[in-house]
Structures are given as C-alpha cells and as structure tokens.
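Scroll down for the structure; my scribbles are underneath it.
Everything numeric in this text was worked out from a predicted model, so none of it was measured.
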Amino acid sequence: MAKKSSKSSKAKAPAKAPSKADPLFPSKPRSFGVGGDVRPSGRDLSRFVRWPKYVRIQRQRAVLYQRLKVPPSINQFTKAIGKNEAASVFTLLNKYRPETPAQKKQRLKETAAGKAKAAGVPHQLKFGLKHVTTLVEEKKASLVLIACDVNPIELVLWLPALCRKMEVPFLIVKDKARLGTLVHQKTSAVVALTGVNKEDEKQLQIFRDLGIEKFNDNTDLMRKWGGGIMGLKTQAKLDKRAKALAVEEAKKQASLKR
C-alpha cells in the first residue's frame, strides 16, 4: 500500500503547449536535390558567379588582347619593367614626392617669418598629362614613368613616340595606382622627374640608361606585334587539323614513291 501511495503522490508533468512558428524565420526543410546540396569543399565554383559588369568587361578586354593581333604601339605597354627594377625606381622617386598643401603652407610660413632661408622650390615629381607633355617637349624632363594600365590606352598611346623623338628616357611601370601614391593622388597615368640632388645623380643616370636600352632604342619593341594567342579549344582543333594534313601529305608522298 505504501508503494501505491508513493506512486500516486508523484504529480504528472503537464504537457508542453506546441510552440507557434516564428513568422519572421519560417523553417524550410533542406533540399538535397540538384543545386540544394551542401557545396563541396575545395572546388572552384567561381564560374557560377554572376560577376559585376565592370569585372566582365575587364576580363573580356584581356581575352581580346590575347586573341586579336595587337599593334606594336599598344603591345609595348605589356612590357613593363621587372619587379626588382621597379622597386629601385620607386625608392628613388619616393624621395622627391611633391609637398602636400599643409607642408607647403608650413614652409611658406617659416620662410615669411625668417626661420628658414628663402630658397627655390626643391626637386619634386611632376604629374599630370598636359604638364608632363610640356616638360617632354621642352626637354626639361630627365626621366618619364608611364603606367601600363591606363584606360583608355589612347590617353598615353602617343607619349612613348614623343619621348623617343625628343630623346627623353622613359620607363613603363605597373601600375597607375602606384604612381598616384607618389604624388598624393588616387591614380596617375604619367610622372616625370626634372632633376635630383647631387647624391642621387648617379642612380638617376642608371635608370636613364635603363630606359634608353629597354624602351627608347629597342627597335624590336617598336616593331613586334602582340596577341594572336588562341584559346585551348581552338589550339586543339588546329593541332588536329595539322596532324590530319600531315597524314594526307605522307600518303601522297608514299603514293608518288610507288
């Protein structure tokens, strides 16, 4: 009897009321069909991504430059100087970055107050397409740097020819954002150096000789066409066609020998 009373004394737990579905986050059963399964790890699925229009245009332009025959005047912009050479050039140019408005204001204040001697403007990098063009035409530019990724390319397409005509050394470098950093801008198509301090004259001369050797006097660069590289499918078709023609030619030769 005691056991029965102990069992009956235990109250039964009340059943939980069914929870209402959240209207903001409705539950959806996972579908393991085509397109609904868990994506496999380590697989490149970028081809399924709908990229922005500007990305697609960039890639299509790059493919066109590979497929079509590119004239030498455009193809020369694909022959930028190497990484180590560019690092040395930018190390030198970094010393001659132009003043910011705040630095110029401070310098003029000190000059007016007599704290600093009134001296000429120190050597600085010159930028701006029209300004650099004038410096090249007047043969005041010692070294010109042109970005390889200017868009549209027609903006600087004529500048290498002008530098060659005026015998001003120039270098084609990567990229316009890197040149823009030197002159406190977002991007810069062209940068020119008119002069350097005495301690940097030897280094400047080395870069001038490099520009003359690689770009100014490089006849192969001025005549060599670019592009003409077909895709993998087209290359496979052409190889197959060439093999078939070689087999036919071998058969003809064999028949003639008989």
Does any pair with a residue in residues 77-93 pass side-chain hydrogen bond (donor to acceptor under 3.5 Å, both in side chains), and if so which ones, sequence neighbours excluded?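 Of all non-adjacent pairs touching residues 77-93, those that pass side-chain hydrogen bond (donor to acceptor under 3.5 Å, both in side chains) are Asn75-Thr78, Glu85-Lys214.
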Quick one: are [X] and [Y] in side-chain contact, heavy atoms under 4.5 Å?
X	Y	result
Val196	Gln203	no
Ile146	Pro160	yes
Val132	Val136	yes
Arg178	Val173	no
Leu64	Gln60	no

Interatomic distance, [X] atom [atom1] to [Y] atom [atom2] [nearest 0.5 angstrom]:
X	Y	atom1	atom2	value
Phe127	Thr187	CZ	OG1	11.0 Å
Phe207	Leu92	CZ	CG	5.5 Å
Asp200	Ile206	CG	CD1	11.0 Å
Thr181	Arg97	OG1	CZ	7.0 Å
Ile212	Asn218	CD1	CG	12.5 Å
Leu93	Gln124	CG	CD	13.0 Å

Closest heavy-atom pair and its distance - [X], [Y]:
X	Y	answer
Pro98	His184	O-NE2, 2.8 Å
Leu162	Thr133	CD2-CG2, 3.9 Å
Met166	Lys139	O-CE, 3.3 Å
Cys148	Ile153	O-CD1, 4.4 Å
Ser188	Val191	OG-CG2, 3.8 Å
Ser46	Trp51	O-NE1, 3.3 Å

Show your working on side chain to side chain contact (heavy atoms under 4.5 Å, CB included) between Leu182 and Asn94 and close with a plain yes or no. CA-CA 6 Å; Leu182 289 173; Asn94 201 38; 4.0 Å; yes
Hydrophobic cluster membership, with links at side-chain heavy-atom distances under 4.5 Å among I/L/V/M/F/W/Y: are [X] and [Y] in one?
X	Y	result
Leu238	Leu232	no
Tyr65	Val63	no
Trp225	Val70	no
Leu204	Leu135	no
Ile57	Val150	no

With a cut-off of 6.0 Å (strictly less than), are more than 12 heavy atoms of other residues, nucleotides or ligands near CD of Glu199?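 Yes.
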Whether over 12 other heavy atoms sit under 6.0 Å from Leu45 CG: yes
For Glu201 and Gln205, which I'm curious about, is there any donor-acceptor pair between the side chains at under 3.5 Å?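 No, because no side-chain N or O of Glu201 sits under 3.5 Å from a partner of the opposite role on Gln205.
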Between Gln235 and Asp239: side-chain donor-acceptor atoms closer than 3.5 Å: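 No, Asp239 and Gln235 have no side-chain donor paired with an acceptor closer than 3.5 Å.
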For the pair Gln76 (side chain) and Ser73 (backbone), establish whether a donor and an acceptor sit closer than 3.5 Å, ignoring hydrogens and angles.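 Yes; judged by distance alone, with no hydrogens or angles, the pair exists.
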Donor-acceptor pair, side chain of Tyr96 and main chain of Gly195, under 3.5 angstrom: no
Dump the intermediate steps for side chain to side chain contact (heavy atoms under 4.5 Å, CB included) on Met222 and Arg164, then the final yes or no. CA-CA 11 Å; Met222 291 184 275; Arg164 290 188 185 105; 3.4 Å; yes
Any idea how Phe215 and Phe170 line up, ring-wise: parallel (<30°), tilted (30 to 60°), or perpendicular (>60°)? tilted
Verdict with reasoning, Asp149 to Phe77, per side chain to side chain contact (heavy atoms under 4.5 Å, CB included): CA-CA 8 Å; Asp149 58 342; Phe77 287 94; over 6 Å; no
Is there a side chain to side chain contact (heavy atoms under 4.5 Å, CB included) between Arg50 and Arg56? Walk through the geometry before answering. CA-CA 9 Å; Arg50 183 169 178 80; Arg56 279 179 276 150; 4.0 Å; yes
